[in-house]
Amino acid sequence: MAARDLGTFIRALPKAELHLHIEGTLEPELMFEIGRRNKVKLRFKNADEVRKAYAFSGLQSFLDIYYESAGVLKVERDFYDLAWAYLERASQQNVRHAEIFFDPQTHTARGVDFQTVIEGLHAACRDARSKLGVTTKLILCFLRHLSPEEAMKTLEEALPFQEHFEAVGLDSSEKNRPPGLFTKVYAKARAAGLKAVAHAGEEGPADYIRQALDLLKVSRIDHGVRCAEDAELVKRLAAEQIPLTMCPLSNVKLRVFKSLKDHNIKSLLAQGLRVTVNSDDPAYFGGYALDNYVETQKALKLGEEELAQLAKNSFEASFLSAPEKAGFAREIDGLSRS
Ligand code: ADE
Ligand code: ZN
């Protein structure tokens, strides 16, 4: 069979996005529009100037500007518009299912009610299902630079709205903030029937991945790239088929890897780990899900079989039901054979 264009193949692949911060999808144009509506003055003159500021030295330098920009979001419509813009874009890239992080503490600390945030996001997710055919699940993230007590307060505030979210997660500054600090709040979340994930091994050491698994009892690890520093851990992740939600363009922008050519996703895939491709904060890192697949394919020379496996992994690692996962796997197998 003649070699087909891999860009076309990637576009045709159904994909699930499992590592996506909704606040990280705020494009500068929408930031200005919402800022104008809410009379929030930004320190930038225009969208170009904002984009010029996106040169990061590491995770913290990104987080500083990311939290500042989220300050324009105030009322339910803002959260709806933010999520709807992402979902429309994802749908155009054949993302069929998205499990979306949100950071309530970024908003409640500014006086925005939890209810405002969750109802705006939920309404956009509901419309995405009926108008775009994209399914979603929301994941409430605790900010790990804040205290475990504040995380507990946030969980208690959120539980009355539990029908609207599926899992809890842990994000923000990782260095010196081990997952074990949050053992109690994760235990409470799991006891309430929520699933659990956590960022670990992005800038923090491989041991944080072990802590997330053993203390927080997460069912997948967000990033996890630093597992490669611990051979025993790599063996365990393969044996237990723990999903890693990797974000190649993010890792280059935040200097976790020097270039995409240095990324370890291809090597970990070859070692049998359940790795997936995601966009993290696409408005800041230069690409959405499809762009992450395309750029990674080019840099690491991924073949059709590897690309199909990555797309299959994305559904297998999701919180969809077994029949839903099987349906997407069949669709991907059909594409691979055609
Ligand atoms: N919040 C948004 N993006 C993040 C990332 N890549 N790591 C940790 N926290 C985040
Ligand atoms: Zn992330």
Side-chain angles (χ1 to χ4, degrees), residues 16-27 31 54-71 73 82-83 86 90 98-109 117 121 137-146 150-151 154 167-179 181-182 196-205 208-209 211-212 216 218 220-227 243-257 260 263 265 275-289 291-292 314 317-318:
E17 173 135 80
L18 307 179
H19 186 154
L20 181 282
H21 301 263
I22 202 63
E23 293 87 353
T25 69
L26 181 58
E27 291 287 347
M31 191 193 302
Y54 292 172
F56 309 116
S57 56
L59 177 57
Q60 192 59 51
S61 72
F62 153 69
L63 289 171
D64 292 341
I65 195 163
Y66 161 87
Y67 293 131
E68 178 187 343
S69 303
L73 304 166
L82 176 69
Y86 162 70
E99 300 191 351
I100 299 175
F101 297 134
F102 67 109
D103 289 342
Q105 289 160 293
T106 300
H107 313 298
T108 53
V117 179
L121 297 178
K137 295 187 189 290
L138 291 172
I139 302 176
L140 182 164
C141 282
F142 304 117
L143 296 181
R144 73 202 302 162
H145 68 272
L146 300 178
E150 284 167 286
T154 301
V168 293
L170 186 65
D171 64 4
S172 194
S173 328
E174 187 181 8
K175 284 180 187 159
N176 301 315
R177 298 299 287 163
L181 290 170
F182 296 88
V197 301
H199 282 54
E202 178 188 19
E203 284 193 342
Y208 284 14
I209 300 174
Q211 286 191 28
L216 307 187
V218 298
R220 59 186 192 230
I221 296 286
D222 299 312
H223 291 297
V225 292
R226 287 192 61 189
C227 71
L244 303 182
T245 64
M246 294 188 153
C247 308
L249 288 174
S250 160
N251 292 154
V252 174
K253 268 289 206 184
L254 299 188
R255 307 196 186 198
V256 175
F257 291 100
L260 272 187
H263 204 285
I265 189 168
V275 292
T276 64
V277 173
N278 308 272
S279 67
D280 207 5
D281 301 283
Y284 293 86
F285 300 150
Y288 286 74
D291 313 289
N292 272 271
S314 74
S318 75

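Order of appearance sets the numbers: ligands from 1, and atoms from 1 within every ligand. Just so you know, these numbers come straight off a predicted model, no measurement behind them.
Side chains of Ser172 and Tyr67: a donor-acceptor N/O pair is present below 3.5 angstrom, by distance only.
Salt-bridge annotation for Arg226 and Glu174: absent, with no side-chain N of the basic residue lying under 4.0 Å from a carboxylate O of the acidic one.
Within 6.0 Å of NZ on Lys175 lie no more than 12 heavy atoms contributed by other residues, nucleotides or ligands.
Those atoms of ligand 1 that come under 4.0 Å of a heavy atom in Leu63, given as number and element, are 1 (N), 10 (C). Those atoms of ligand 1 that come under 4.0 Å of a heavy atom in Asp281, given as number and element, are 2 (C), 3 (N), 4 (C). Residue-ligand proximity, Phe62 to ligand 1, at heavy-atom distances under 4.0 Å covers atoms 2 (C), 3 (N). Near His21, meaning under 4.0 Å from one of its heavy atoms, ligand 1 places the atoms 1 (N), 2 (C), 3 (N), 4 (C), 10 (C).
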Report task. Go through the steps for Leu249 and Leu260 under the test side-chain contact (heavy atoms from CB on, under 4.5 Å), then give the verdict. Result -> CA-CA 7 Å; Leu249 288 174; Leu260 272 187; 4.1 Å; yes

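The closest protein non-hydrogen atom to atom 6 (N) of ligand 1 is Asp280 OD2, 2.7 Å.
Listed by chain and number, the residues in a side chain to side chain contact (heavy atoms under 4.5 Å, CB included) with Ala151 are Phe142, Phe182, Val185 (sequence neighbours excluded).
Phe56 approaches Tyr284 most closely through the heavy-atom pair CE1-O, 3.7 Å.
Evaluated for a side chain to side chain donor-acceptor pair (under 3.5 Å) with His19, the options Asp280, Thr276, Asn278 yield exactly one hit, Asp280. Tested against Leu20, the residues Thr25, Ile139, Asp281 include a single side chain to side chain contact (heavy atoms under 4.5 Å, CB included) partner, Thr25. For the side chain to side chain contact (heavy atoms under 4.5 Å, CB included) with Phe101, the qualifying choice from Leu18, Ile22, Leu138, Asp222 is Asp222, the only one to do so.
For a threshold of 3.5 Å applied to N or O pairs, the pair formed by His19 and ligand 1 contains no separation below that value. Below 3.5 Å of separation, one finds an N or O of Ser172 facing an N or O of ligand 1.
Contacts between Glu202 and ligand 1, counted as non-hydrogen atom pairs separated by less than 4.0 Å, involve the side chain only. Counting heavy atoms closer than 4.0 Å to ligand 1, residue Asp103 contributes nothing at all. Neither the backbone nor the side chain of Phe101 comes within 4.0 Å of ligand 1, counting heavy atoms alone.
Using a non-hydrogen distance threshold of 4.0 Å, His223 registers as a contact of ligand 1.
Protein N, O or S atom count below 2.8 Å of the Zn ion (ligand 2): the structure gives 4.
Proximity of a side-chain donor or acceptor of His21 to a complementary backbone N or O of Glu23 within less than 3.5 Å is not detected. In this structure, Glu203 contributes its side chain and Leu59 its backbone to a donor-acceptor pair below 3.5 Å.
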